[in-house]
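I have placed the structure first, in the form of structure tokens, so that the comments after it can refer back to it.
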Amino acid sequence: MDKIMVTRSSMPPYEEYIEAIKPLWLSRWLTNMGVYHQDLEKRLKEFLQVSQLSLFTNGHLALELALQALKLEGEVITTPFTFASTTHAIVRNGLKPVFCDINPDTYTMDVSKLESLITEKTSAIVPVHVYGNVCDVEGIGEIARKYKLKVIYDAAHAFGVRYQGKGIGEYGDVSMFSFHATKVFNTIEGGAICYRDETFGKYLYQLKNFGIRDEETVDGIGSNAKMNEFQAIMGLCNLNHIEEELLKRKRIVERYRERLTQVSEIKISKRQENVQENYAYFPISIKDECKYDRDQIYRKMHENNIFTRKYFYPLTNEFQCYHGQFNSNRTPAALQASRRILTLPLYADLEIKDVDRICDILAVLVRGGD
Ligand SMILES: *Cc1c(COP(=O)(O)O)cnc(C)c1O
């Protein structure tokens, strides 16, 4: 049996990309906010339905620099059920992450636990639209207004998601999207920050280019996080096919849902109301009734040439690099989720017959078969 990987990067037809990059051999403008960079910003702003958008060479640096541009201090409330990037971006800004537990149904921040974590040192909230699931943006917004906190969404998984008919990047002060090769939309590596405040935008632009204001003025301690033209063109080409890609993902997710709702030993996520999904991931949670635990299911799937991912395990507040600093027992729902979660293979070109094979094998395994 062929191997089924957990993900596979989307690429435009070879000829389309090769044609599109040809002009670069004439212009020799390879990076530093060239014409394709500008074009991609414009087209993404439209597609994501956001007011302002700034491109970056990857999502992580985008998040790191957005936090810097907001000039935050002290403590930042976030969740540990995420990719390393979210927590590292906070810590690398000299800020202290304070971990809020998650809602076990959506895996996003449990807003009922949020208020009790706020102290006089709290300056911001960094929630994650994990798997493309929409956070309780109203609840978070209300608390942020009450305590005058900034809200920065890690929307790395949420490309193209809409809530109440609005682009997800319009919620909070700032949102970060990732365009990494494994994400729903990619620029090989890449990312963007969406925002509304013009002053913030100008400073952010400076920070991605060494803090340079003009030829003779450097008044920000910036980094280098510019997206190059080859990345931007990959983005423009991939954007030409995005609707089709999303439709293919939708069909796969619908098949998974149809097949796996009947399997009582695993829990699958419910659809969220008023949300236009992007079908980024298909997480399942292994229940107690299951004959094998999560790690055994993971191994046995692997033996059947099906590659799943323990995404997210471990929690970021359990990482070795943070040893002794945080206590993951204070986020029990996140801890439970991380011990039970598996994300199943999902990418646009995954065939329905392979989805069926994955579901067949899973259905046997959860009842103790091999
Ligand atoms: C992918 C990802 C990032 C970082 O994005 P890169 O573009 O890979 O730097 C941040 N947060 C989450 C939740 C992610 O999945």
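As a basis for the values below, the full set of heavy atoms in this structure was taken, side chains included, without hydrogen atoms, waters or symmetry mates. All ligand and atom numbering here is 1-based and tracks the order in the structure.
Salt-bridge annotation for Glu277 and Arg257: present, with a side-chain N of the basic residue lying under 4.0 Å from a carboxylate O of the acidic one. Arg339 has a carboxylate O that lies under 4.0 Å from a charged side-chain N of Glu318, or vice versa, which qualifies the two as a salt bridge.
Counting only distance, with no hydrogens or angles, the side chain of His129 and the backbone of Val134 share no donor-acceptor pair below 3.5 Å.
The immediate protein surroundings of ligand 1, defined as residues with any heavy atom under 4.0 Å of it, consist of Asn58, Gly59, His60, Thr82, Phe83, Ser85, Thr86, Asp154, Ala156, His157, Met176, Ser178, His180, Lys183, Gly190, Tyr311.
The ring of Tyr171 has its center no closer than 6.0 angstrom to the ring center of Tyr153.
Follow the hydrophobic side-chain contacts under 4.5 Å out from Leu246 and you reach Phe179 in the same cluster.
Applying the side chain to side chain contact (heavy atoms under 4.5 Å, CB included) criterion to Phe230, with sequence neighbours excluded, gives Tyr17, Ile21, Leu24, Trp25, Leu30, Asn228.
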